[in-house]
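Structure, as structure tokens:
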There are 2 protein chains.
Amino acid sequence: MVNRKYSSEEKILEAAKEVFHKRGFDGARMQDIADAAGINKALVHYYFRNKENLFLAVFKDAFSKLTSRISIIFTSDKPMETKLEEFFEYHIGFVQKNAYIAWFILNGIYERPDYLKELMFQNKLLPEMILQQIRESLEREGVKNPDPFQFMANILSLSVFPVVARPLLQGLMKINNDDMELFYKSRVKYLPGFVMRAVKNDQLPK
Amino acid sequence: MVNRKYSSEEKILEAAKEVFHKRGFDGARMQDIADAAGINKALVHYYFRNKENLFLAVFKDAFSKLTSRISIIFTSDKPMETKLEEFFEYHIGFVQKNAYIAWFILNGIYERPDYLKELMFQNKLLPEMILQQIRESLEREGVKNPDPFQFMANILSLSVFPVVARPLLQGLMKINNDDMELFYKSRVKYLPGFVMRAVKNDQLPK
DNA sequence: GTCTATATGGCGATAGAC
DNA sequence: GTCTATCGCCATATAGAC
């Protein structure tokens, strides 16, 4: 069913997201994208000229969706545990609904490292500021010599990986789809405390 | 320089690992693999018949390398913190030296979920046993109602993701290569305590 | 077992009618 | 803007000589 409210260009972009998700850059076929969009293959080239351009358009959109909220959450002046609740709530939910975006970014950035800088600039993503905010927030809450970079790596790992590696985890642990959804749900509640306990006692002796 | 000690078949396999790593299944070219092996393209087909077969051979090898040690570590009767030290020491080091393997497995499993079962069988990987061992180990150390599946997901996330997402993390945080190596080194020491603190207080009130 | 040469098909991209 | 038809290339795979 073709939705007539959308222009061809929008339909192509939507279709491209879907196909690049499932197949990656090399696996995606311009023909598949055209089919998914319900239009002709030549039209894809008419609007985007070539495959790389179309990829970058999709990538840019994905990147901004994934990162835009992170700055906002971590530069607020709420307590760290609240920030973590907001982060995991938003981020896991988002990655779950758009697993392809995380894949896409991880994969795409491998081949196009320079493009990342441009996107960070366009998205006004200022890592120094976020890391500094995390440091101050943790110090204010009694953590001595916090390592904001480890902190960031940890929370990204804990939220992104289990979703991205879903087929592997499900296969390894023999979990069905319904239970897997419950698993993600419970993670959202479980992780903020997990992280806070781990960092709060950072400098205490065992 | 061609090492004459290796047969053509071995040379092809080694070359295939390298090329599949860098380019994934769709991006890899049989010609590139032949070139990297220093032999003729037709020989690759002579030994492996087609690309999929060659991929599966490489995948199988990668999977067994990555998982073989995990069972051993977690079914011992050492304290959990010791197990974690062994796990992160081995696993992060391994993934770091062979980042392509982790990629490869994560990517490959998406398209070939059934193949995972066969590999688990061949590698005598028994998740039930490992999860049960983790549960008992944690209970013995005072954790009430531990969730071994969350536990496994967490430690895999914390070890695999930062290595797999290296280009993204480095780009986001503007870290140079040397500092990144130091970052991984310090993680190995840092993570066992991080995880133990987080789970040990699992059921305590804030 | 190892090579050269070639078959075969698919894909990105474009030309050109409407 | 949208389509059909087609070009040109490249990749997997095979045939067949040595």
Side-chain angles (χ1 to χ4, degrees), chain A residues 1-62 100 104 107-108 110-112 115, chain B residues 1-61 100 103-104 107-108 110-112 115:
Chain A
M1 195 186 73
V2 178
N3 192 333
R4 304 245 164 244
K5 282 198 298 185
Y6 294 104
S7 68
S8 289
E9 189 167 356
E10 287 167 326
K11 284 191 280 184
I12 291 168
L13 261 179
E14 283 309 306
K17 285 181 198 172
E18 190 188 318
V19 175
F20 278 128
H21 150 221
K22 287 186 191 149
R23 316 221 57 89
F25 181 80
D26 291 312
R29 300 285 158 246
M30 297 299 267
Q31 184 63 61
D32 296 340
I33 294 171
D35 291 348
I39 51 99
N40 189 275
K41 188 178 61 159
L43 211 49
V44 181
H45 284 90
Y46 173 79
Y47 280 108
F48 292 91
R49 206 174 81 251
N50 59 37
K51 192 178 178 180
E52 179 75 11
N53 267 353
L54 181 53
F55 181 86
L56 291 182
V58 174
F59 189 89
K60 182 176 167 176
D61 185 65
Y100 73 96
F104 202 54
N107 270 302
Y110 250 93
E111 301 294 322
R112 299 163 191 80
Y115 194 56
Chain B
M1 194 187 75
V2 179
N3 191 334
R4 305 244 162 244
K5 283 198 298 186
Y6 294 104
S7 67
S8 289
E9 188 166 357
E10 287 166 325
K11 284 191 281 186
I12 292 169
L13 261 178
E14 281 309 306
K17 284 180 199 173
E18 190 189 318
V19 176
F20 277 128
H21 150 219
K22 287 184 192 151
R23 315 221 59 88
F25 181 79
D26 292 310
R29 300 285 158 248
M30 297 298 266
Q31 184 63 60
D32 297 339
I33 293 171
D35 292 348
I39 51 100
N40 190 276
K41 190 179 58 162
L43 257 200
V44 182
H45 285 89
Y46 173 78
Y47 281 108
F48 292 91
R49 206 173 80 251
N50 59 38
K51 192 179 179 180
E52 179 75 12
N53 267 353
L54 181 53
F55 181 86
L56 291 183
V58 174
F59 189 89
K60 182 177 166 176
D61 186 65
Y100 73 96
W103 259 122
F104 201 55
N107 269 302
Y110 252 92
E111 301 294 322
R112 300 162 190 80
Y115 194 57

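Note that the coordinates shown come from a computational prediction; the quantities given were computed from them, not determined experimentally. Letters go in sequence order (proteins before strands), and every chain restarts at 1.
Pairing each heavy atom of Asn53(A) with each of Asn50(A), the nearest pair is N-OD1, 2.9 Å.
Between dT2(C), dG1(D), dC3(C), one nucleotide has an atom nearer to the side chain of Leu43(A) than all others, and that is dG1(D). When each of dC3(C), dC3(D), dG1(D) is scored by its nearest atom to the side-chain atoms of Tyr47(A), the top-ranked nucleotide is dG1(D).
The overall bend of the helix from dG1(C)-dC18(D) to dC18(C)-dG1(D), read as the angle between its terminal helix axes built from five base pairs each, is 10° when rounded to 10 degrees.
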Can I get a per-line list of side-chain donor-acceptor pairs under 3.5 Å for residues 40-48 of chain B, giving both atom names and the distance, sequence neighbours left out?
unit_1   : atom_1 : unit_2   : atom_2 : d
Asn40(B) : OD1    : Ala42(B) : N      : 2.7

In a table with atom names and distances, give each donor-acceptor pair under 3.5 Å that connects a side chain of residues 13-27 of chain B to protein atoms at least two apart or in another chain.
unit_1   : atom_1 : unit_2   : atom_2 : d
Glu14(B) : OE2    : Lys17(B) : NZ     : 3.0
Lys17(B) : NZ     : Asp61(B) : OD2    : 3.1

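Atom CD1 in Ile39(B) sits about 7 Å away from atom P in dC3(C), given to the nearest Å. Atom pair Arg23(B):CZ and dA11(D):C1' shows a separation of 14 Å (rounding to whole Å applied). In this structure, Phe55(B) atom CZ and dT12(D) atom P are separated by 14 Å, rounded to whole Å. Across the protein-nucleic acid pair, Asn40(B) atom CG and dA15(D) atom P stand 16 Å apart, rounded to whole Å. The separation between Asp35(B) atom CG and dA11(D) atom P is 11 Å, rounded to whole Å.
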Please produce a list of atom pairs where a protein N or O lies less than 3.5 Å from an N or O of nucleotides 11-13 of chain C.
unit_1  : atom_1 : unit_2   : atom_2 : d
dC11(C) : OP1    : Arg29(A) : NE     : 3.2
dG12(C) : OP1    : Ala28(A) : O      : 3.4
dG12(C) : OP1    : Lys51(A) : NZ     : 3.0
dG12(C) : OP2    : Met30(A) : N      : 3.0
dG12(C) : N7     : Lys41(A) : NZ     : 3.3
dA13(C) : OP2    : His45(A) : NE2    : 3.3
dA13(C) : OP2    : Lys51(A) : N      : 2.9
dA13(C) : N6     : Lys41(A) : NZ     : 2.9

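Taking the salt bridge (Lys or Arg N to Asp or Glu O under 4.0 Å) definition, one finds that Glu10(A) meets it with nothing, sequence neighbours left out.
A salt bridge (charged side-chain N to carboxylate O under 4.0 Å, His left out) check over residues 44-60 of chain B, counting only residues at least two apart or in different chains, returns the pairs Glu52(B)-Arg112(B).
To the nearest 0.5 angstrom, Ile33(B) atom CD1 is 9.0 Å from Ile12(B) atom CD1.
For Tyr46(B), no side-chain nitrogen or oxygen approaches OP1 or OP2 of dT14(D) to under 4.0 Å.
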